[in-house]
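Working notes, beginning with the structure itself.
FYI, side chains are in, hydrogens and waters are out, and symmetry mates aren't considered; it's all heavy atoms of this structure. The structure displayed is predicted, hence computed values, not measured ones. Note that the numbering runs from 1 along the sequence shown for the chain.
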Amino acid sequence: MARPSLPERSPTAGLLLGLVITLAAVVAYSAYITWQVAGLRKLQSELIDRNRKDSLQLLRIQNDLNLLAVAMRDMFDNDEPYPLTAWSAQFQRIRTDLDDAMHLEASLAPTSRTRDQSASLSSSLTQFWDAVDRVFTLAGAGKEKDAMGEIQLSLQSRQAALSTTVARLLVQNSENEEQAAQRIVLIYDRVQRQVYVFLAATLAAILLTGFSMIRWNRRLFARMAELSERRSELAQKLIATQESTLRYISRELHDEFGQILTAMGAMLGRAGAHAPEGSSLRGDLHEVRQIAQDTLDRVRSLSQALHPVMLDEAGLESTLDWYIPTVERQTGIAISYEKQGAPFTLDNNAAVQIYRVLQEALNNVARHSGAKQAWVRLRFLKLELELEVEDHGAGFNGQPAKQGIGLVAMRERSELMGGRIVFSTPPSGGTLLQLSVPRENVEARGKDPR
C-alpha cells in the first residue's frame, strides 16, 4: 500500500521573512539617506554659508583698512593748512565700523580657524588703534612732526600687517570652501554608489522573491493538475461502475424478470383456456394475466430507462429515435428532434455518455423548466459532434452554480470525452445546453459509418 505523501511546507513563512527583510532594508537605507542629507545640509549651512558670511565681513574689514591707508596717505599729502586732529572724526567713523565688522566676523569665524589666528588679528587691531590714539594725542599737543613720524613709522606698517592678515584669512576661507565642496562631491558620490548598491540588492530581492513565487506556483499548479487527473480518473471509474451496474440491473430485469413474467403470462393463458367459458375463474385468470403483462411492460420500460439494450446493439441514432418519442409520451412535452450532417459510428462508451447527457438534460426540462416544448439538435460535423438541448422555460434564474448534481455529472461526462459543455440563455429565455466533442474522441475505430 502506497504511503501518503507528506504535506508540503507553506511558502508563507519564507515570503513573509523576505518581505520583512526587504522592508527592514528599505527603512535602514532611508535612515542612512536621511542622515547623509542632514550631514550635507549641516555642512552647507554651518560651513559653506558661514564661511561665505565670514568672508564678507573680512572684505568689509579689508575695505576699512584700505580707507585707513587712504586717510593716512591724505594726511601726508595734505596741501591744505589743516591740522592732523581734523582727521580724528574720519578715523573714529572707520573705527566704529571696523569694530562692528570685527565683532560679526568673530561670531562667524569658521571652526578651522585657530584661536591664535583670531587672537593675533584682535591684538594687532588693538595695537593699531593704540598707535592711532598716540598720534592724535601728539597732534593735539602741537607735536605735528612727531605725530607724522609715528604715522610713517608705526601706523602704516601696522595697517599693512593687518591687511596681510585679513588677506590670508580670506585665502583660508576660500580654501575651506573648496575643501567643503570637495567633501560634498565625495558624499554625493558615496550616496550615489549606495543607491546603486541598494537598487541592485532590492532587484535581487525582488528576483529572488519572484523566482520563489514562480517555483511555488509551478509546484502548486502541478499538484492541482495531479489532483485534477486523479479526480478525472476517479470520476471515470465511478461513471464506468455506475454504467456497469445499470447495465447489469437492466439485463437482469429484461432477461430474468422478463422471462419469469412472460412464463407467468403463458401459464395463465393456458390455465384460462381450460377454465369453463363464462366462469368467474376464467375472468380472474385473464385479469391476473393482464396484470402480469402490464408488469412486464413496466419492467421492460424500466430496463430500457436504466440502460437501453438498443444503445449497444443499434447505436446512438436509433436509440434517440426511440427515446425522444418515449419522453414525449411520458412527460407531455413536445420535442423537436433534428439531425444534421453525415452520421459516423460512435464508440460504445461515447454513445453512452452522450445519451446520459441528453437524458439528464431532458429530465431537467421536465422537472424544472415548466416548458411545454423543447428542441434537440444532433450535428455530425467534420471535426466534432455537437448536441444541443433548448427550452424556453424558467431557466437558471441567474444562478446556474446552485443547480443540482446533474449539471456536475454532465460536465464530468463531457470532460471524460475531451469535450466541453456550455449552459447559456437563448434570446427567447430558458436554457440552452451545448455539448461539443472532438470527432476523433468519439468515433469508433476500425468501423465504417452506417
Contacts of type salt bridge (charged side-chain N to carboxylate O under 4.0 Å, His left out), residue Asp99, not counting sequence neighbours = none
note = Those residues at least two apart in sequence (or on a different chain) that pass side-chain hydrogen bond (donor to acceptor under 3.5 Å, both in side chains) with Glu338 are Gln340
task = For the residue pair Thr331 and Val365, establish whether any side-chain heavy-atom pair is separated by less than 4.5 Å.
result = no
inquiry  = Does this structure show an ion pair linking Asp64 with Arg95, if we count only N-O contacts that are shorter than 4.0 Å?
reply    = no
inquiry  = Using the salt bridge (charged side-chain N to carboxylate O under 4.0 Å, His left out) criterion, which residues pair with Glu226? Sequence neighbours excluded.
reply    = Arg223, Arg230
ask   = So, Ser163 versus Gln159: side-chain donor-acceptor pair below 3.5 Å or not?
value = yes
task = Start with the C-alpha distance between Thr165 and Arg168, add both sets of side-chain angles, then the distance that settles side-chain hydrogen bond (donor to acceptor under 3.5 Å, both in side chains), and finish with yes or no.
result = CA-CA 5 Å; Thr165 302; Arg168 289 176 180 175; 5.6 Å; no
task = Kindly indicate whether the side chain of Val389, heavy atoms from C-beta on, has any atom under 4.5 Å from the side chain of Trp375.
result = no
key: salt bridge (charged side-chain N to carboxylate O under 4.0 Å, His left out) involving Arg158 - partner list, sequence neighbours excluded   = none
key: Results of salt bridge (charged side-chain N to carboxylate O under 4.0 Å, His left out) for Glu386 - residues two or more places apart only   = Arg379
inquiry  = In the structure I gave you, are the side-chain heavy atoms of Glu105 and Arg60 within less than 4.5 Å of one another anywhere?
reply    = no
request  = State, without any angle test, whether Gln353 and Arg356 hold a side-chain donor-acceptor pair at a distance under 3.5 Å.
outcome  = no
Kindly list each side-chain donor-acceptor pair under 3.5 angstrom involving residues 414-421, sequence neighbours excluded, with atom names and distances?
from	atom 1	to	atom 2	distance (Å)
Ser414	OG	Gly419	O	3.3
Ser414	OG	Arg420	N	3.2
Glu415	OE1	Arg231	NH2	3.2

task = Please determine, by modelled atom types, if Arg52 and Ser55 share a side-chain donor-acceptor pair under 3.5 angstrom.
result = no
